[in-house]
Number of protein chains: 2
Amino acid sequence: MTEKSRFDAELNEKLATSGFRFTAQRRNVYNVLVNKRDHPTAEEVFIRSKADMPDISMATVYNCLDALVKCGLAKQVNHDSTAKRFCSNMQEHCHYYCTDCNRVFDIDLKESPRMPEADLPENFKPDQIDVAMRGRCPDPACATAGAKD
Amino acid sequence: MTEKSRFDAELNEKLATSGFRFTAQRRNVYNVLVNKRDHPTAEEVFIRSKADMPDISMATVYNCLDALVKCGLAKQVNHDSTAKRFCSNMQEHCHYYCTDCNRVFDIDLKESPRMPEADLPENFKPDQIDVAMRGRCPDPACATAGAKD
DNA sequence: CTAGGTGCAAAAGGTTTGCGGTTAA
DNA sequence: TTAACCGCAAACCTTTTGCACCTAG
């Protein structure tokens with residue numbers, strides 16, 4: 001099986017499991033997310049998708065992103081900004097938001113984030129714990145940006 | 001000093017420190033945030049503010065919320081939904097998002113969230129770590145909502 | 001064949017901006 | 001006195017929706 005057909009087969013299976021059809025647009029959008037994992041906004045996905053598929057529409061990009069989130073191939077990332085961003089890294093990780101350049105970085109975790117039972121009021125039982133960090137990133141332009149604040 | 005004038009004095013000082021003026025609208029908006037700490041959206045703040053100040057405008061509510069965030073009296077909370085929410089609890093705490101009723105709960109932390117140096121790539125130095133949890137809240141309508149999913 | 005997906009255009013949130021008048025300091 | 005702030009309305013940006021056509025299964 002070629003690399004390309006394996007990509008398609010895996011995407012197809014995940015989509016089908018959640019009752020979604022496999023379409024060229026969904027493959028294209030998923031491909032965009034996987035190829036450059038920089039947490040693009042829907043608009044950025046739209047622009048990149050048009051490179052391979054000039055007639056794709058914004059509404060379809062939203063539809064595709066929604067389907068990918070629902071079938072477990074992508075996650076929404078909620079930044080401070082208004083537009084939602086998308087992440088195709090489904091491994092356990094957390095996000096580092098650069099307060100200077102606004103980029104979002106994936107940070108792998110060596111241990112799962114834990115929330116001691118003792119800290120939780122009775123009957124709060126989280127399914128999921130997200131850790132987000134804010135600070136400057138190592139890019140020299142940001143790391144040395146102190147003066148301009 | 002009465003309770004009311006102490007509230008005003010503290011607000012005034014925080015605003016002044018960041019170069020903002022003390023206005024009746026800002027007092028009103030801050031009062032709304034402090035009185036009911038349920039993480040309202042800008043629109044909800046607008047509605048509640050109008051109870052005491054019927055002529056306040058939406059643009060002013062945004063301006064006031066922005067000033068309060070900038071002078072350290074409130075924080076933005078980024079939910080999954082589109083509208084930003086606001087939190088006047090400035091103590092270290094984390095947020096629990098009920099996946100059923102969408103309410104946001106403050107959870108106090110007994111120890112600070114920590115991120116072992118070892119987990120961070122070189123030169124990432126977070127100023128702030130946010131922990132968010134998702135799951136059902138203890139409200140009976142949510143806690144027993146499994147069937148309808 | 002047909003339910004689900006697509007493209008388009010219009011509408012619906014949510015937030016920001018420009019401007020003339022008002023006000024805190 | 002005057003820079004900052006207010007209210008209003010229009011603009012802007014992001015996301016959703018309605019509809020006629022198309023296509024995967």
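Residue numbers start from 1 in every chain, and the chains themselves are labelled A, B, ... in the order their sequence lines are given, proteins ahead of strands.
Under 4.0 angstrom from either OP1 or OP2 of dG7(C) there lies at least one side-chain N or O belonging to Thr60(A). Within the structure, a side-chain polar atom (N or O) of Gln25(A) is placed less than 4.0 Å from OP1 or OP2 of dG7(C).
Annotation: side chain of Leu68(A) is in contact with side chain of Leu11(A) (closest heavy-atom distance under 4.5 Å).
Residue Lys14(A) places its NZ atom among 12 or fewer non-hydrogen atoms of other residues, nucleotides or ligands, all under 6.0 Å distant. Within a 6.0 Å radius of CD in Gln76(B), other residues, nucleotides and ligands contribute more than 12 heavy atoms.
Of the residues in residues 45-56 of chain B, those lying under 4.0 Å from DNA chain D by heavy-atom distance are Asp55(B), Ile56(B).
Contact between His39(B) and Glu44(B) at its shortest, heavy atoms only, is O-OE1, 4.4 Å. Tyr97(A) and Ala132(A) make their closest contact through CE1-CB, 3.6 Å (heavy atoms, listed as atom of the first residue, atom of the second, distance). Contact detail for Ser88(A) and Arg37(A): the closest heavy-atom pair is O-NH1, 3.7 Å.
In this structure, Gln76(A) places its CD atom 14 Å from C1' of dT16(D), rounding to the nearest Å. We find that CG of Asp66(A) is positioned 10 Å from P of dT17(D), with the value rounded to whole Å. The separation between Arg27(B) atom CZ and dC6(D) atom P is 13 Å, rounded to whole Å. Note: CZ (Arg26(A)) to P (dT23(D)) measures 15 Å, nearest angstrom. In this structure, CZ of Arg85(B) is placed 13 Å from C1' of dG14(C), rounded to the nearest angstrom. Here the P atom of nucleotide dG4(C) and the NZ atom of Lys70(A) are 13 Å apart, to the nearest Å. Counting to the nearest Å, the C1' atom of dG5(C) and the CG atom of Asn28(A) are 15 Å from each other.
Of the charged side-chain nitrogens involved, none lies within less than 4.0 Å of a carboxylate oxygen, so that Arg134(B) and Asp127(A) do not count as a salt-bridged pair. Checked for salt-bridge contact, Asp139(B) and Arg103(B) meet the test: a charged N lies under 4.0 Å from a carboxylate O.
Asn12(B) places no side-chain N or O within 3.5 Å of a backbone atom of Phe22(B) that could act as its donor or acceptor partner.
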For this session: Quick one: do Arg85(B) and Asn78(B) satisfy side-chain hydrogen bond (donor to acceptor under 3.5 Å, both in side chains)? Show the steps, please.
Result: CA-CA 6 Å; Arg85(B) 293 173 173 274; Asn78(B) 295 303; over 6 Å; no
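Aromatic rings of Tyr30(B) and Phe7(B) (six-membered ring for Trp) have centroids within the 6.0 Å cut-off, being under it.
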Problem set entry | Summary of protein contacts for nucleotides 15-25 of chain C, nucleotide by nucleotide, where a base hit scores B, a sugar-phosphate-only hit scores S (4.0 Å, heavy atoms) | BBB-----BBS
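Across its full length, the helix from dC1(C)-dG25(D) to dA25(C)-dT1(D) shows an angle of 50° between the axes of its 5 terminal pairs at either end, rounded to 10 degrees.
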